[in-house]
Asker: 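The structure is given below, and queries will be raised subsequently.
What's counted below: heavy atoms across the whole structure, side chains too, no hydrogens, waters or symmetry copies. Note that the structure is a prediction, hence the values are computed from the model and not measured.
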Amino acid sequence: MSMALQSPKSHLVPAVATLAAALLALVLAAGGSGAFGLTPVASAAGGYLSSTATPLAPANAAFGIWSVIYLGLLAYAVWQLGRRARRDALQQRLRPWAAASMLLNAAWLWAAQLGSLPATLVVMILLLAVLCRILVLTEGVTPRAGAEWVLSVAVFGLYLGWICVATVANVAAVLTWAGVAWPEVPASVAVLAVVVLIGWALARRGAWAPLVSMVWGVAWIAVARWQGPRYSGDVALVALLAAIAVVLGAALLLVRRRTVRA
């Protein structure tokens, strides 16, 4: 490798580019979310993305998690500018994926703003794939790493867990928009069972952060079905049981892991 590629500037440029991408994504996300006089997401795309459009849509309060995720992403973008982080091999691999995740989130919001539900699903799947790649890249980072773990593992883990739930809601929205008739309770059972299995798979890999936002999202699906015009006691119960199953399964795996180590 040439000396030019090893110079401080060679590390600074991608770090600055990542910060720029984060700032751009946050501004675009604000617009796509309904700021600047634009249409709120719940009212965009014919209302199919609202909390009452499908049985698998979380209640509006669930989306408060975005404040935590956005703050974490901004903190990551600033932190990775530091001298040590700029030169870190993991961060060099992670930066383009981190930037891509932020820009894809903004792209999803604008696809919704423009009323293209199929486009939102395509972007959501791409975003999910990018976050899975970030999960793989950061698997070796432990809490002992301090800020690196918080900003590279915990933040993007919360992001991943929420997007898992959001993908389920997005698929349901597209199917409803397309006029596909699907049995509400059996379909919800099948889909949420898959979410539980994903949660257990993440727990087996030691990925705990995604479980927090995953349980948060599924629990708010239960809340949404227990109240409002889209009431469904059966779906609410299934969602609640799914959230509990993720928590209990993860707890049992954690106890088993500690027992084996002991």
Side-chain angles (χ1 to χ4, degrees), residues 56 58-59 62 64-66 68-69 72-73 75-76 88-91 93-94 97-98 101 124-125 127-171 185-226 234-262:
L56 293 174
I65 196 172
W66 275 117
V68 178
I69 294 173
L73 293 177
Y76 168 80
D88 183 75
L90 170 61
Q91 295 306 318
R93 296 194 300 273
L94 183 58
W97 297 99
S101 74
M124 183 71 79
I125 291 172
L127 175 55
L128 182 60
V130 167
L131 291 172
C132 286
R133 177 57 180 165
I134 290 175
L135 174 69
V136 172
L137 285 174
T138 59
E139 275 189 317
V141 182
T142 67
R144 293 182 180 179
E148 183 174 36
W149 182 85
V150 172
L151 298 174
S152 300
V153 178
V155 168
F156 285 99
L158 285 175
Y159 197 178
L160 172 60
W162 175 251
I163 292 302
C164 286
V165 177
T167 300
V168 167
N170 208 155
V171 170
V185 176
S188 298
V189 170
V191 171
L192 291 173
V194 172
V195 172
V196 171
L197 292 176
I198 292 173
W200 289 348
L202 289 169
R204 287 181 64 86
R205 297 177 74 103
W208 307 108
L211 301 184
V212 175
S213 49
M214 183 178 289
V215 170
W216 169 270
V218 173
W220 279 107
I221 291 176
V223 172
R225 300 293 75 78
W226 260 316
D234 291 335
V235 175
L237 179 60
V238 170
L240 178 61
L241 291 175
I244 293 173
V246 172
V247 173
L248 290 180
L252 289 173
L253 286 169
L254 182 59
V255 170
R256 179 182 178 186
R257 179 173 297 184
R258 289 184 174 179
T259 302
V260 170
R261 287 180 179 176

Asker: For a quick test of your reading: what N or O donor-acceptor pairs under 3.5 Å do the side chains of residues 150-162 make, sequence neighbours left out?
Answerer:
| from | atom 1 | to | atom 2 | distance (Å) |
| --- | --- | --- | --- | --- |
| Ser152 | OG | Gln91 | NE2 | 3.0 |
| Ser152 | OG | Glu148 | O | 3.2 |
| Tyr159 | OH | Ser101 | O | 2.8 |

Asker: How many angstroms lie between atom CG of Leu254 and atom CG of Leu211, to the nearest 0.5 angstrom?
Answerer: 10.5 Å
Asker: Where do Ala224 and Pro58 come nearest, in terms of heavy atoms and distance?
Answerer: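 In terms of heavy atoms, the two residues are closest at CB-C, 4.0 Å.
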Asker: Taking the side chain as everything from C-beta on, heavy atoms only, tell me whether Val191 gets closer than 4.5 Å to Val171.
Answerer: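 Val191 vs Val171: side chains apart.
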Asker: Ignoring hydrogens, what is the shortest heavy-atom contact between Met124 and Ala166? Give both atom names and the distance.
Answerer: CE-CB, 3.8 Å
Asker: Going by heavy atoms in the side chains, are Leu192 and Leu56 under 4.5 Å from each other?
Answerer: yes
Asker: Under the salt bridge (charged side-chain N to carboxylate O under 4.0 Å, His left out) rule, what pairs show up with a residue in residues 185-194, not counting sequence neighbours?
Answerer: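 For residues 185-194: none.
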Asker: Using side-chain heavy atoms (C-beta onward) and a distance below 4.5 Å, is Thr259 in contact with Val255?
Answerer: yes
Asker: Do other residues, nucleotides or ligands put more than 12 heavy atoms under 6.0 Å from the CH2 atom of Trp226?
Answerer: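 Counting neighbours around CH2 of Trp226, more than 12 heavy atoms of other residues, nucleotides or ligands fall under 6.0 Å, so yes.
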Asker: Taking atom CZ of Arg133 and atom OG1 of Thr138, what is their separation to the nearest 0.5 Å?
Answerer: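 Going from the CZ atom of Arg133 to the OG1 atom of Thr138 covers 10.0 Å.
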Asker: Please report the interatomic distance CG(Leu202) to CD1(Ile198), rounded to the nearest 0.5 Å.
Answerer: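 If I round to the nearest 0.5 Å, the distance is 7.5 Å.
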Asker: So, do Val136 and Arg205 sit near enough that their side-chain heavy atoms are less than 4.5 Å apart?
Answerer: yes
Asker: Measure the spacing between CG of Leu241 and CG of Leu248 and express it to the nearest 0.5 Å.
Answerer: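 The distance works out to 10.5 Å.
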Asker: Which side-chain hydrogen bond (donor to acceptor under 3.5 Å, both in side chains) pairs, counting each pair once, include a residue from residues 207-222, with sequence neighbours left out?
Answerer: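 The answer is none; no pair qualifies.
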Asker: CH2 of Trp66 to CG of Leu73: how many Å apart, nearest 0.5 Å?
Answerer: 8.0 Å
Asker: List the atom of Gly199, the atom of Val246, and the distance in Å for their closest heavy-atom pair.
Answerer: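 Result for this residue pair: CA-CG1, 4.5 Å.
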Asker: Picking from Leu128, Val218, Val195, what satisfies side-chain contact (heavy atoms from CB on, under 4.5 Å) with Cys164?
Answerer: Leu128
